[in-house]
Number of protein chains: 2
Amino acid sequence: MMPVRGGYAGDTARKVSFEAPRKFTTVFKSHLKETFFPDDPFYDFKGKSLPVKVKKTIQYFVPIFQWLPNYKVKLFLYDLLAGITIASLAIPQGISYAKLANIPPIIGLYSSFVPPLIYAVFGSSKYLAVGTVASSSLIIAATISTKVNPTENPQLYLNLVFTATLISGLIELVLGVFRLGILVDFLSHSTITGFMGGTALIICLHQLKGIFGLKHFTPHTDVISVIRAIFQNRKEIIWESTLIGLIFLIFLQLARFVKQKKPKLFWVSAIAPMFVVIIGCVLAYVWHAEKHGIAIVGELKKGINPPSLKNIDFDRKYIAAPLQAGFITAMVALAEGIAIGRSFAILKNEQIDGNKEMIAFGLMNIVGSLTSCYLTTGPFSKTAVNYNAGCRTQMANVVMSLCMMLTLLFLAPLFSYTPLVALSAIIMSAMLGLIEYDKAYHLYKTDKFDFIICMAAFLGVAFVSMDVGLMLSVGLALVRALLYIARPTSSKLCNIPDTSLYRDVEQYPDATDVPKTVIVQIGSPIYFANAGYMRERVLRCVRDEKANRLQGDDIKYVLLDLGGVSSIDMTGVETLVEIRKTLEAKYIKVVLVNPRLEVMEKLIVTNFIEKIGKERVFLSIEDAIEGCKFSLSHERYL
Amino acid sequence: MMPVRGGYAGDTARKVSFEAPRKFTTVFKSHLKETFFPDDPFYDFKGKSLPVKVKKTIQYFVPIFQWLPNYKVKLFLYDLLAGITIASLAIPQGISYAKLANIPPIIGLYSSFVPPLIYAVFGSSKYLAVGTVASSSLIIAATISTKVNPTENPQLYLNLVFTATLISGLIELVLGVFRLGILVDFLSHSTITGFMGGTALIICLHQLKGIFGLKHFTPHTDVISVIRAIFQNRKEIIWESTLIGLIFLIFLQLARFVKQKKPKLFWVSAIAPMFVVIIGCVLAYVWHAEKHGIAIVGELKKGINPPSLKNIDFDRKYIAAPLQAGFITAMVALAEGIAIGRSFAILKNEQIDGNKEMIAFGLMNIVGSLTSCYLTTGPFSKTAVNYNAGCRTQMANVVMSLCMMLTLLFLAPLFSYTPLVALSAIIMSAMLGLIEYDKAYHLYKTDKFDFIICMAAFLGVAFVSMDVGLMLSVGLALVRALLYIARPTSSKLCNIPDTSLYRDVEQYPDATDVPKTVIVQIGSPIYFANAGYMRERVLRCVRDEKANRLQGDDIKYVLLDLGGVSSIDMTGVETLVEIRKTLEAKYIKVVLVNPRLEVMEKLIVTNFIEKIGKERVFLSIEDAIEGCKFSLSHERYL
C-alpha cells in the first residue's frame with residue numbers, strides 16, 4: 001500500500017503512513033522479546049563467529065570465565081581485605097539469624113561457606129556479598145512453626161527448613177531461566193520499604209526475649225502478641241541480661257553512628273558485631289554466665305558442612321509449609337537481592353542482569369539446601385560493608401568462604417560461649433537501621449498513594465502477619481495500576497499564543513482555543529478497561545466546549561490526538577466508532593492526529609480508517625487544523 | 001513560583017510551566033470525581049435555583065418524572081403495539097427459562113409482571129425490555145443445584161433462588177449507589193462474546209433432553225457430561241417428541257431467517273415462539289400428548305404474584321450457593337444489560353448512565369425477589385424486538401406488564417398444555433443466535449489476544465463450568481492489561497525530512513537522525529511495574545545508537561519526550577534519577593521534553609527538576625534540539 005497524503009495540502013513531506021499492518025508473527029515475536037528479553041542479553045553476539053559465540057555463551061551463563069582470566073594480583077589484595085571484613089560480620093550474623101530461624105547456630109555458619117562459592121562462579125554482581133538475612137529467616141520460622149514445633153521436633157523442623165530452601169532455590173532458578181524477572185517488577189520500592197520496616201520492627205520486638213533473658217515467649221510474629229508475651233512473662237526478666245544487652249546495643253549503635261558521621265571509619269561498624277561476640281564469649285567464660293541465668297549458644301561442632309540430601313522431606317503432611325515459605329522467601333529475597341545488586345552497580349555505573357542474578361541465587365540455594373545451608377541472598381548490610389571495604393570482584397566472596405571454612409574447621413567451638421543476649425543486641429541493632437522513617441516521610445510528602453502502599457505493608461506485617469502485609473501491599477499497588485489503566489488522563493489542548501504548539505490548558509492556562517475545533521489528547525492505551533471512560537471524557541469535553549464557546553463559534557471538528565496512545569484493542573476501536581457516530585449525529589467531524597504504529601495497524605485492519613477517510617488523519621495538530629480550515633473555507637464556497 | 005524560560009532563546013512564548021504543585025486535596029478530589037463520576041451526572045445542576053435543583057434531583061433518580069409529564073397519546077399507540085409484541089414473547093420465554101432454572105414455570109410469568117413496572121419508574125433506557133435471561137437462569141440452576149436437589153426438595157430450592165435474586169439485586173443496587181460501574185468496565189466485549197457463546201452452546205445441548213423427550217439427564221453443565229448423558233440414555237429417546245421438536249426448531253429458525261432478510265418482517269420472528277406454544281398446546285390437548293410420552297408443563301394456577309418475603313432464606317448451611325449465584329449473575333446481568341441499553345441508545349444518539357441503570361436493575365430485582373420473581377435484566381432478543389416494534393418510552397414495559405397481569409389472571413391455565421419439547425425448541429432457537437461465529441472470526445483477524453480472551457471464556461464455560469470460564473477470561477484480560485503496564489511501548493523518534501516533526505522511526509522509516517542527539521518517546525505512565533523496563537529500553541536505545549552512528553557523531557544529548565507520560569510514581573522518579581546518573585557518567589546529558597501536569601508536579605516536589613536544571617526542560621522537541629545546539633556551539637567557544 002502506498003502512503004497517502006493527509007488533508008494538509010501545504011507540504012508534501014507531511015504524509016501520514018498508511019502502511020499495511022505487519023504480520024502477526026513479526027509483532028508477536030517482537031512482543032515476546034520485549035516481555036522476556038528487555039535487556040537484549042545477546043546483543044554482543046551479533047555478527048560474531050561460532051567459536052566466539054560459544055565462548056561468549058559460556059561467559060554469559062558462567063560469569064567467572066569472564067572475570068577470572070583477567071584477574072590480577074593487585075585486585076586480590078583489595079578482595080582479600082574485603083573478604084576478611086565480611087567474614088567477621090558473617091560469623092555473628094550467621095549465628096544470630098540461625099537462632100532467629102529456630103535452627104542450630106552452626107547451620108548459619110555453614111550457610112556462609114558453600115553459597116558464596118557458588119555465587120562467585122555464577123553471579124554477575126561484583127559487590128554483592130552473600131549471606132543469610134533476617135527477614136527470610138523470620139518468614140521461614142513463622143511459616144514452618146505453624147506445622148512443626150521447633151523445640152519438640154527439631155530434626156523434622158530442620159528438614160523442612162532445608163526443603164523450603166530447596167524450593168526457594170528452584171523457584172528462583174525457574175524464574176531466571178524463563179526470564180520471569182517481570183514478576184519481581186510488581187514489588188514496588190514502596191512495598192519493599194514498608195515490608196522491610198514492618199519485618200524489622202517485629203524482629204526487634206522478638207529480640208526483647210533475648211535481651212530480657214526470658215524463657216517463655218510467643219511463636220506469633222505480630223506486635224500485639226509479642227507485647228502481651230513480654231507483659232505476661234515480666235517476672236522472668238533477668239536484670240543482668242538486660243543490662244549487658246543494653247550496653248552491647250548502645251555500643252553497636254554508637255559504632256553505626258561513627259560510620260554515618262565518618263564513612264571512612266566504616267570498619268568500626270563492620271567489626272563491632274564480631275567484637276561484641278568476642279567480648280561476650282570472654283565474659284561468659286570468665287564469669288560463668290549460665291549460673292547467672294544468661295543463656296549461651298551451646299555446642300558448636302568442628303567440621304565443614306555435612307551433606308543434607310537425605311534431610312529433604314517432601315512428605316505430603318507438611319509440604320504446604322515449606323512451599324509457602326519457599327515461595328515468599330524467593331520473591332522477597334529476589335526483590336531485595338536484585339535491588340541491592342543494582343544499587344551498588346549504579347554507583348560504579350555498571351549493569352546487572354536481573355534474570356542472571358536469579359539463576360545464580362537459585363543455584364546457590366539449591367546447592368546450599370543439599371549441603372546443610374539455609375536460605376541465602378545478598379543482604380544489604382553485608383554488601384555495603386563489602387563495597388566500602390573496597391572489594392573489586394566476586395573473589396571477595398571466595399575469601400569470605402575460605403575464612404568461614406577455617407572457622408568451621410578450627411574455631412567453631414570457641415563461639416559456643418557466645419551469650420544469646422549478645423546475638424539479640426546484634427540483630428536488634430541491624431534491624432533498627434532498616435526502619436526507614438525518612439523514606440516513609442519522603443513518600444508521604446511526594447506521593448500519598450505510594451505512602452499508603454508502604455504503610456499497608458508496614459502495618460500488615462507488624463499487626464497481622466508477613467504474608468498478609470505483603471499481599472495487601474502488592475494488591476493495593478495492583479489496584480492503583482488498574483486504576484491508572486481504567487481512568488487514564490486525557491486533556492483538552494489549546495494553542496500556546498505565538499507558537500504552533502498545543503498543550504494541556506490546565507497546565508498552560510494562557511493557551512487559547514482554536515475556533516470551531518476541540519482538541520482532545522488521549523494519553524494511554526485505549527482498551528476494554530478504559531474505553532467507556534474515554535468515550536465519556538471526549539463527549540463531556542465536547543459538550544462543555546459547546547456550552548462555553550462564544551456565539552458563532554460552533555464546534556465543527558473534534559481532533560483526537562492519538563500520539564500518546566500506544567495500543568488499542570477491539571473494545572477500544574468500537575469505542576472510537578461510537579464516538580464518531582455520536583459526534584457525526586451532531587454534525588461534528590472527528591479527525592485523528594498522529595496515530596502510532598500499532599494503533600494505525602489496528603485501525604486499518606478494522607476498516608476504521610476507510611470509514612473515516614484517509615483525508616481525516618493527520619501527522620500533527622498543526623496540519624490537522626490547517627486541513628480543517630481548508631475544508632471549512634471550501635464548504636463555504638459550495 | 002514564576003514560570004521560568006526553557007533553554008531555547010529564540011521565542012519568549014515557549015516557556016515551560018514550573019508552577020508549584022497543586023494541593024493534595026485538589027488533586028485527590030479531582031481523581032475521586034474522575035474515578036466515580038466520569039459522566040459528570042450533575043452537570044445540569046450548575047447555577048440553578050434550589051427548587052429547580054430539587055426537581056432535577058428527583059428527575060435524575062426517578063426518570064419517570066422526566067418523561068411522563070411530557071407523555072403524549074400519540075406516543076402511547078407506538079408503545080402499546082411494542083408492549084403487546086414483547087408480551088407475546090415474554091410468555092413462552094418466561095415459561096422456558098423458568099424450566100431452565102429448574103423452578104415452577106409460573107415463576108417465569110410472575111417475573112415479567114412486577115420487574116418491568118419497577119424498571120419503567122427507575123430505568124433510564126427507553127428501549128430496554130425487561131425479562132428473564134437464559135444465561136442467568138442456567139447460572140442459578142448450576143450453582144444452587146450443587147447444594148440442593150431441585151426435584152427432591154423443590155421448596156428449599158425455590159427459596160434459595162429467591163434469595164439469590166435478592167442478593168443479586170442488592171449487589172446491583174450497592175454498585176450503582178457507590179458508582180462502582182468501573183467494575184463492569186473490566187468485563188471486555190471479548191469476554192462477554194465468549195461467555196455468551198459458551199453459555200448458549202451448553203444451553204442448546206441441555207435442550208436436547210427436551211427435544212429427545214429424555215427422562216434421565218445430568219445436572220452438570222459441561223459439554224462432555226451432557227453428551228455422555230445423551231449417549232447413556234439413548235434408549236429413552238422418543239421419536240414423536242424428536243420429530244415435533246425438529247419441526248418447531250426449523251420453523252423458528254425460518255422465522256429468524258425471514259427477519260434477517262427483511263428486517264421489516266421482524267414481527268414474524270417476534271410472534272413465532274407464541275405461535276409455537278399455541279400450536280403445541282392445541283396439539284397436546286387434541287392428541288393427548290402425555291399418552292405418547294410427550295411431557296407438558298402441567299398445572300399453572302390463576303392469580304398474580306404472591307408475596308415471597310417469607311421464602312427468603314439466609315440459612316448458613318446453604319447461603320454460599322445463593323451468594324455465589326447472586327454475585328456472578330449480578331455481574332453478568334449488569335454487563336449484558338448496560339451494554340445492550342447502550343447499543344440501542346447509540347442507534348438513536350442518546351446517552352445511558354450505567355450507574356443509574358444498575359440502581360434500576362437492583363431495585364427491580366429486590367422488589368422482584370419479594371414478589372415471587374427471579375432474576376431479570378434487559379435481554380438482547382426482547383430489547384431488539386421492542387426497538388423494532390417501534391417503542392418510544394418506558395411505557396412499553398408497562399404495557400407488557402399489564403398484558404402479563406391479564407394473562408396471569410385469566411389465561412394462565414391454558415398454557416399448562418404447553419409441551420416441554422416446544423419450550424426446548426424455543427430456547428434452542430434463541431441460543432443458536434447468541435453464538436457469534438462471525439464476531440469470533442473478526443476478533444481472530446484483528447486481535448489475536450482478544451480472540452484468546454474470547455476463546456478462554458467460550459471453552460472454559462463449555463468444558464469446565466461457567467464461573468471458571470468467566471474467571472479465566474477476566475484473568476487473562478487483566479494479565480494483558482498488566483502486561484500493557486509492565487511493557488509499555490517506547491520508541492526512538494527521528495526527524496521527518498523538511499519538517500520540524502519528530503516521529504517513530506519504525507513507522508516513518510524515511511525519518512533521519514538528529515546529530516549528537518537521541519530522542520526517546522516514552523508512551524505511558526512510569527511506575528514501579530515498568531520503571532525497570534523503561535530504564536533498560538532507554539539505555540539500550542542509547543547503546544544501539546552509539547554503535548550505529550557514524551564516526552564523529554558522538555551522542556551528547558538524550559531527549560526524553562515525556563508528552564505521553566500521564567503520571568509517575570516514586571519508583572518512576574528514582575528510575576529517571578538512575579537513567580540520568582548512568583548517562584552523565586558517559587558524558588551524555590539528559591533533557592526532558594514536555595512533561596505533563598502531574599509529572600511536572602512530582603518532578604518538582606522530588607527536586608528532580610532542581611537537580612537536572614530548569615534550562616534542561618523544554619516545551620517541544622524542536623525547542624530542545626535548538627537548545628542543545630546552542631549549548632554545544634557555546635561549549636566549543638569555551
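Quick caveat, the model's predicted, so the values are computed rather than measured. In what follows, every heavy atom counts, from backbone to side chain, and hydrogens, waters and symmetry copies are set aside. Naming convention: chains lettered A, B, ... in sequence-line order (proteins, then strands); numbering from 1 in each chain.
- Highest contact tally toward chain A, considering only B/H442, B/E574, B/K445, is held by B/E574 [criterion: heavy-atom pairs under 4.5 Å].
- Of the two parts of B/L603, neither the backbone nor the side chain holds a non-hydrogen atom closer than 4.5 Å to a non-hydrogen atom of chain A.
- Annotation: maximal heavy-atom pairing with chain A below 4.5 Å, among B/M600, B/E598, B/Q521, occurs at B/Q521.
- Between chain A and the options B/G564, B/A529, B/P509, the largest number of non-hydrogen pairs under 4.5 Å is found for B/A529.
- The pair B/R540-B/E536 does not count as a salt bridge, with every side-chain nitrogen at least 4.0 angstrom from each carboxylate oxygen.
- When the candidates A/A477, A/S491, A/P525, A/G563 are compared by the number of heavy-atom contacts under 4.5 Å with chain B, A/A477 comes out ahead.
- Ranked by heavy-atom pairs under 4.5 Å with chain B, the first of A/L478, A/D544, A/T191 is A/D544.
- Both the backbone and the side chain of B/R596 come within less than 4.5 Å of a heavy atom of chain A.
- For the set B/N594, B/V605, B/T606, the count of heavy-atom pairs under 4.5 angstrom toward chain A peaks at B/N594.
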Go through it in stages, so that I can follow the logic: the residues are A/L562 and A/I522, the test is side chain to side chain contact (heavy atoms under 4.5 Å, CB included), and I'd like the CA-CA distance, side-chain angles, deciding distance and then a yes or no. CA-CA 6 Å; A/L562 302 180; A/I522 297 174; 4.2 Å; yes
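- In this structure, A/K602 does not pair ionically with B/D450, as no charged nitrogen and carboxylate oxygen lie closer than 4.0 Å.
- Neither the backbone nor the side chain of A/I192 comes within contact range of chain B; no heavy atom of the residue lies under 4.5 Å from a heavy atom of that chain.
- Taking all atoms of both residues into account, the shortest heavy-atom contact from A/A511 to A/V505 is O-CG2, 4.2 Å.
- With a 4.5 angstrom heavy-atom cutoff, A/R503 touches chain B only via side-chain atoms.
- In terms of modelled atom types and a separation under 3.5 Å, the side chain of A/D504 and the main chain of A/Y508 share no donor-acceptor contact.
- Using modelled atom types, no side-chain atom of A/S473 and backbone atom of A/C454 make a donor-acceptor pair closer than 3.5 Å.
- In this structure A/Q507 satisfies the side-chain hydrogen bond (donor to acceptor under 3.5 Å, both in side chains) test with no other residue, sequence neighbours excluded.
- Proximity of a side-chain donor or acceptor of A/R480 to a complementary backbone N or O of A/F449 within less than 3.5 Å is not detected.
- Looking at A/D569, the atoms closer than 4.5 Å to chain B (heavy atoms on both sides) sit in the backbone and in the side chain alike.
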